[in-house]
Peer 1: 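Sharing a structure below in structure tokens format, with a few things to ask.
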Amino acid sequence: MKILVSGAGIAGLACARELGTRGHDVTVVERAGRLRVTGTPIDIRGDAIEVVDGMGLLAKIRKQRVRMSELTQFVDSRGEPVARIPLAEISDSDDDIELLRGDLVRILADALPATVAIRFGDAIGTLTDADADADADADGDGDGSGGGRGGGVDVRFVSGRTGRYDLVLGADGQHSAVRGLVFGPEEDYLRHLGVYLALADLPGEARSEGPNAIHNVPGRMAGVFRYGGGAVAVFQFRSEVVGHDHQDLAAQKRILLDAFAGQRSWRIPELLDAARADPAFYLTPASQIHLPAWHRGRVALVGDAGYSPAFLSGRGTSLALTGARFLAEELERCGDDHTAAFTRYEARQRPYVTFAQGRVHSGRDRMLPATWAAIAARNEALRASGAGAS
Ligand SMILES: Cc1cc2nc3c(=O)[nH]c(=O)nc-3n(C[C@H](O)[C@H](O)[C@H](O)COP(=O)(O)OP(=O)(O)OC[C@H]3O[C@@H](n4cnc5c(N)ncnc54)[C@H](O)[C@@H]3O)c2cc1C
């Protein structure tokens with residue numbers, strides 16, 4: 001089949017790899033000008049490990065493994081360690097592999113068959129699903145007409161190009177444009193968890209042997225994470241949804257700067273300067289997407305686009321990987337019957353999504369105590385559990 005994938009993140013690249021190696025004609029369209037390789041380490045957990053093993057990528061992924069949490073301390077305003085995450089909680093098992101998001105993106109991209117094309121700097125502008133039109137017509141007046149052009153999805157890209165595809169997959173992340181076009185506005189499906197994450201590159205930070213540091217003020221944290229020759233400033237803060245254009249970098253930076261206005265302890269001012277300067281600055285709300293179905297007609301959603309569990313779950317990447325694999329396997333099994341394949345994909349993936357979306361709250365309380373008293377209590381509890389400050 002001729003398949004268009006929107007988004008070259010984890011879900012999109014995994015779909016392209018899985019579908020391309022099964023003989024489909026796959027094009028990926030990515031809004032950014034290149035692969036987006038920023039991000040703190042992400043986790044591959046549970047059955048997603050089998051998925052990357054099935055792709056033949058497990059050894060490469062293990063080679064890039066990092067153990068971030070092991071090296072992470074909470075620090076006070078002078079940078080003195082006050083607590084760290086208990087070793088017992090650090091996943092260092094065969095059931096959890098932590099690696100840099102950028103490394104996983106590169107590994108997946110390198111594993112694409114030569115037949116897969118990635119078109120950067122473009123995006124889907126409109127899409128018309130002939131089957132969905134026919135269904136709508138049948139529902140409307142019962143005459144069964146309406147498509148008449150044979151099955152397919154007609155796509156007009158933002159660049160002005162056009163194309164017809166057998167299937168379109170929305171793997172374009174939490175603010176998925178495909179979801180917006182096919183299922184309607186984000187607000188209808190979004191559950192905000194009251195937290196934002198922001199990341200900024202720290203090019204001036206020398207590679208350090210020292211631990212990564214997290215500093216809390218009530219309802220906010222700022223941190224420095226170092227790895228593999230690079231370093232990133234990490235921010236989290238409690239906030240209700242702040243409406244903004246998701247493509248407007250200046251607006252995204254303003255949300256962070258407003259959230260930390262007046263905060264001057266530890267390295268916060270310097271880290272905010274790094275955010276101001278970073279052209280690849282990244283900001284995301286911790287929001288989940290809850291949709292009753294992930295497909296309509298010839299269009300299906302994979303990864304955060306369909307079922308973001310929010311970064312607080314630590315499971316978005318694993319869901320993207322299992323989703324891509326199940327979808328490709330079911331298309332293979334069901335042949336031309338994409339409706340049956342999409343239905344089976346959903347049935348297999350849904351339990352993983354339900355599980356992941358249910359696992360978010362303890363992370364927020366740990367990382368973002370709301371008051372000074374709660375920060376002190378968190379540190380005390382960590383020390384009492386044997387997770388000292390050294
Ligand atoms: C730059 C970046 C940094 C991240 N950092 C972290 C992190 O530190 N911690 C964490 O837990 N999660 C992070 N994530 C999210 C994490 O990668 C996902 O939650 C998870 O891996 C599921 O992946 P996904 O492919 O569904 O979504 P994503 O990885 O978000 O990928 C979506 C892709 O679609 C592209 N895209 C968006 N809109 C369009 C459009 N209209 N047309 C075409 N392409 C489009 C995006 O540019 C992106 O490449 C980050 C995502 C990105 C893009």
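Whatever order the structure lists them in is the order used to number ligands and atoms, beginning at 1. Positions are given from 1, in the same order as the sequence printed here. It should be emphasised that the depicted structure is a prediction, and the values quoted were computed from it without experimental measurement.
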Peer 1: Measure the distance from atom 1 (C) of ligand 1 to every protein heavy atom, then report the residue, atom name and distance (to 0.1 Å) of the closest one.
Peer 2: T38 OG1, 3.3 Å
Peer 1: Quick test of your reading of the structure: of R315, R34, R101, R36, whose heavy atom lies closest to atom 28 (P) of ligand 1?
Peer 2: R101
Peer 1: For a quick check under 3.5 Å, do H192 and E240 share a side-chain donor-acceptor pair by atom type?
Peer 2: no
Peer 1: What protein heavy atom sits nearest atom 39 (C) of ligand 1, and how far away is it?
Peer 2: D172 CB, 3.6 Å
Peer 1: May I ask you to identify, for V29, whether its side chain, its backbone, both or neither come under 4.0 Å of ligand 1 on a heavy-atom basis?
Peer 2: backbone
Peer 1: Got the closest protein heavy atom to atom 11 (O) of ligand 1, with its distance?
Peer 2: F311 CB, 3.4 Å
Peer 1: For Y307 and Q349, does a side-chain donor sit closer than 3.5 Å to a side-chain acceptor?
Peer 2: yes
Peer 1: Would you mind reporting whether V224 and L202 have side-chain heavy atoms less than 4.5 Å apart?
Peer 2: yes
Peer 1: For ligand 1, find out whether one of its N or O atoms is nearer than 3.5 Å to an N or O atom of E30.
Peer 2: yes
Peer 1: Under 4.0 Å between a Lys/Arg side-chain N and an Asp/Glu carboxylate O for E30 and R119?
Peer 2: no
Peer 1: Quick check on contacts: which atoms of ligand 1 are under 4.0 angstrom from a heavy atom of A123?
Peer 2: 42 (N)
Peer 1: List every atom of ligand 1 that sits less than 4.0 Å from any heavy atom of L199, numbering the atoms from 1 in the order shown and giving each element.
Peer 2: 5 (N), 8 (O)
Peer 1: Look at K2 together with D166 and state whether they make a salt bridge at an N to O cut-off of under 4.0 Å.
Peer 2: no
Peer 1: Show which atoms of ligand 1 fall inside a sub-4.0 Å distance from at least one heavy-atom site of G7.
Peer 2: 34 (O), 35 (C), 43 (C), 44 (N)
Peer 1: I want to know if ligand 1 touches G316 in the polar sense, i.e. an N/O pair below 3.5 angstrom.
Peer 2: no
Peer 1: For ligand 1, which atoms have a heavy atom of A177 less than 4.0 angstrom away?
Peer 2: 41 (N)
Peer 1: Given the ring of F74, does R378 sit roughly above its face, with NZ or CZ under 6.0 Å from the centre of the six-membered ring and within 45° of the axis?
Peer 2: yes
Peer 1: Going by the atom numbers of ligand 1, which of them fall below 4.0 Å from some non-hydrogen atom of G173?
Peer 2: 27 (O), 32 (C)
Peer 1: Would you mind checking which non-hydrogen protein atom is closest to atom 31 (O) of ligand 1, with the distance to 0.1 Å?
Peer 2: G9 CA, 3.4 Å
Peer 1: Scan side-chain atoms only and decide if S159 and D122 contain a donor-acceptor pair under the 3.5 Å cut-off.
Peer 2: yes
Peer 1: Salt-bridged, R45 to D96, with N to O below 4.0 Å?
Peer 2: yes
Peer 1: Check A171 against ligand 1 and report side chain, backbone, both or neither, counting heavy atoms closer than 4.0 Å.
Peer 2: backbone
Peer 1: Could you say whether the N/O atoms of D304 and ligand 1 ever approach to under 3.5 Å?
Peer 2: yes
Peer 1: Who's the nearest protein heavy-atom neighbour of atom 44 (N) of ligand 1, and how far?
Peer 2: R31 N, 3.2 Å
Peer 1: Are V302 and F355 joined in one hydrophobic group, where the rule is that I, L, V, M, F, W and Y side chains link up if heavy atoms are under 4.5 Å apart?
Peer 2: no
Peer 1: What I want to find out is whether E186 reaches R179 closely enough, with some N-O distance under 4.0 Å, to be called a salt bridge.
Peer 2: yes
Peer 1: Cut-off 3.5 Å, side chains only: do S265 and H215 have a donor facing an acceptor?
Peer 2: yes
Peer 1: Which ligand 1 atoms, with their elements, are less than 4.0 angstrom from a heavy-atom of S6?
Peer 2: 42 (N), 43 (C)
Peer 1: Taking distance alone, with no angle check, do I10 and ligand 1 share an N/O pair under 3.5 Å?
Peer 2: yes
Peer 1: Enumerate the atoms of ligand 1 whose separation from the nearest heavy atom of G303 is less than 4.0 angstrom.
Peer 2: 26 (O)
Peer 1: Ion pair present between E50 and R325, side-chain N to carboxylate O less than 4.0 angstrom?
Peer 2: no
Peer 1: Pick whichever of F120, F225, Y282 has a heavy atom sitting closest to atom 50 (C) of ligand 1.
Peer 2: Y282
